[in-house]
Amino acid sequence: MPELAEVEYYRKEWDAGLRKKITAVELHAGKRIFRGVDTKRLAATLKGAAYTGSEARAKLMCFRFSGGVWLGVHLGMSGELRVEAKDFEPGRHDHLVLRQSARSLVFSDPRQFGRVHFHEGRAEPEWWAKLPPAVTSPEFTLERMSAFLKRRARLAVKAALLVQTAFPGVGNWMADEILWQARIDPRALCGKLSRKQIAAIWEKAREICQVSLDTIGKDYSDPPEDWLIHQRWTNKGLCPRDGLQLKTATIGGRTTRWCARCQR
DNA sequence: CGAGATGTTCGGCT
DNA sequence: AAGCCGAACATCTC
């Protein structure tokens with residue numbers, strides 16, 4: 001499920017436990033989401049620490065704890081964060097449970113494409129510090145984005161939008177949304193895009209990221225009614241602009257839907 | 001029962 | 001040699 005805005009929404013779920021101490025940690029050691037992590041150390045370190053704050057960047061969340069403890073969570077394809085009762089009994093896919101006196105903070109992920117990061121120390125860990133500039137940030141300039149698309153001249157634009165080093169946080173539905181709003185055929189090669197088209201992608205990418213954060217990211221409310229996402233994911237699949245049946249194909253290894261009339 | 005799912009990474013090919 | 005593609009990862013749902 002989670003792309004940029006969904007990740008921001010899930011991050012805030014754990015706010016219920018802010019400034020409160022972790023009394024116990026329960027986890028499924030050896031599960032894929034903990035690959036590369038010393039789970040014994042993680043559990044021992046978090047126990048007794050207070051949850052002091054969090055932030056989301058791209059599709060990654062970072063939770064901070066007293067004493068210089070950093071916990072990263074990537075939700076992968078099927079991950080979610082929840083808050084449960086203090087005596088909640090973890091299910092099969094509840095791989096990480098942080099107990100507090102009044103509640104349990106839960107990371108659940110059936111498919112386990114998600115992952116947990118862990119770091120102790122004063123300085124930001126590399127997995128958190130080394131993320132590219134957010135699409136909504138001033139550093140995400142038209143020049144920077146154009147240069148990237150030029151380097152990927154032989155790549156379909158849909159595939160380019162999924163490259164996380166260039167469009168951090170953009171996932172499959174956002175990529176389709178950007179191209180639909182910018183009226184560009186997802187199969188178009190980056191090298192063939194006009195300046196005007198590149199400018200449209202830049203503008204729409206920034207706008208869609210921001211509006212998604214302000215709706216889905218805020219309280220999971222719906223983005224504007226006329227967006228493609230409502231047709232793309234939940235309805236029959238008609239272009240919101242002209243009612244034409246959307247096309248479906250695999251582009252960049254992912255299912256892509258677009259309108260053959262208004263996207264060229 | 002088989003196919004596909006809002007993601008990332010790796011190995012192999014050009 | 002960078003860049004591109006498909007497969008793999010693990011599980012559930014339609």
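Predicted model, so just to flag it, every value in this text is computed and none were measured. The figures that follow rest on heavy atoms only: side chains count, while hydrogens, waters and symmetry mates do not.
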Novice: Remember a base hit wins even if backbone is also touched, and classify Ser78(A) as base, sugar-phosphate or nothing at under 4.0 Å, heavy atoms.
Specialist: nothing

Novice: Any side-chain N or O of His74(A) below 4.0 angstrom from OP1/OP2 of dG7(B)?
Specialist: no

Novice: Looking at dC9(C), I'd like to know if its phosphate oxygens (OP1 or OP2) sit under 4.0 Å from a side-chain N or O belonging to Gln112(A).
Specialist: no

Novice: In plain terms, say whether Glu13(A) and Arg11(A) are close enough for a salt bridge, that is, a side-chain N and a carboxylate O under 4.0 Å apart.
Specialist: no

Novice: Quick one: does Asp176(A)'s side chain have a donor or acceptor within less than 3.5 Å of a partner on Thr256(A)'s backbone?
Specialist: no

Novice: Give the rounded distance in Å between these two atoms: NZ of Lys31(A) and C1' of dC9(C).
Specialist: 13 Å

Novice: Which sits closer to the 5' end of DNA chain B, Arg115(A) or Glu6(A), going by the nucleotide each is nearest to?
Specialist: Glu6(A)

Novice: Nearest of dT8(B), dC4(C), dT11(C) to any side-chain atom of Lys59(A)?
Specialist: dT8(B)

Novice: In whole Å, I'd like the distance from the CD1 atom of Ile33(A) to the P atom of dT11(C).
Specialist: 12 Å

Novice: Stacking between Phe113(A) and dC9(C), defined as ring centres under 5.5 angstrom apart with planes under 30°, is that present or not?
Specialist: yes

Novice: Is Arg151(A) near enough to dG3(C) that one of its side-chain N or O atoms lies under 4.0 angstrom from OP1 or OP2?
Specialist: no

Novice: Using the P atoms only, state how far dA1(C) lies from dT9(B), rounded to an integer number of Å.
Specialist: 23 Å

Novice: Look at all strands and tell whether Gln164(A) reaches a base, only sugar-phosphate, or nothing, counting heavy atoms closer than 4.0 Å.
Specialist: sugar-phosphate

Novice: Between Asp38(A) and Lys40(A), does any side-chain N to carboxylate O distance fall below 4.0 Å?
Specialist: no

Novice: Would you say His93(A) places a side-chain N or O within less than 4.0 Å of OP1 or OP2 belonging to dC12(C)?
Specialist: yes

Novice: State whether Arg82(A) and Asp94(A) are salt-bridged, where the test is any N-O pair (Lys NZ or Arg NE/NH1/NH2 against Asp/Glu carboxylate O) under 4.0 Å.
Specialist: yes

Novice: dC4(C) C1' sits how many Å from Leu149(A) CG, rounded?
Specialist: 16 Å

Novice: At under 4.0 Å between heavy atoms, what does Gly171(A) touch on the DNA or RNA strands: base, sugar-phosphate, or nothing?
Specialist: sugar-phosphate

Novice: Can you check the Arg257(A) CZ to dG4(B) C1' distance for me, whole Å?
Specialist: 14 Å

Novice: Are the side chains of Leu213(A) and Lys218(A) in touch, meaning some heavy atoms are under 4.5 Å apart?
Specialist: no

Novice: In whole Å, what is the span from the CG atom of Asn172(A) to the C1' atom of dA5(B)?
Specialist: 10 Å

Novice: Calculate the interatomic distance between Leu155(A) atom CG and dA2(C) atom P; express it in whole Å.
Specialist: 17 Å

Novice: What nucleic acid atoms does Arg92(A) come within less than 4.0 Å of, heavy atoms only: base, sugar-phosphate, or nothing?
Specialist: sugar-phosphate

Novice: Which one, dG7(B), dC5(C), dA5(B), comes nearest to the side chain of Thr255(A)?
Specialist: dA5(B)

Novice: Could you tell me the separation between the CG atom of Leu75(A) and the P atom of dT8(B), rounded to a whole number of Å?
Specialist: 10 Å

Novice: If I take atom CZ in residue Arg187(A) and atom C1' in nucleotide dC4(C), what distance separates them, rounded to the nearest angstrom?
Specialist: 19 Å

Novice: Regarding Glu124(A) and Lys130(A), does a basic nitrogen lie under 4.0 Å from an acidic carboxylate oxygen?
Specialist: no

Novice: Both atom distances under 3.5 Å, Watson-Crick or G-U wobble: I'd like the secondary structure of DNA chain C as a dot-bracket string, with | for pairs made across strands.
Specialist: .||||||||.||||

Novice: Could you tell me whether Pro110(A) contacts a base, only the sugar-phosphate backbone, or nothing, with contacts defined as non-hydrogen atoms closer than 4.0 Å?
Specialist: sugar-phosphate

Novice: Side chains of Thr23(A) and Arg99(A): donor-acceptor distance under 3.5 Å anywhere?
Specialist: no

Novice: Between Glu55(A) (side chain only) and Phe63(A) (backbone N and O only), is there a donor and an acceptor less than 3.5 Å apart?
Specialist: no

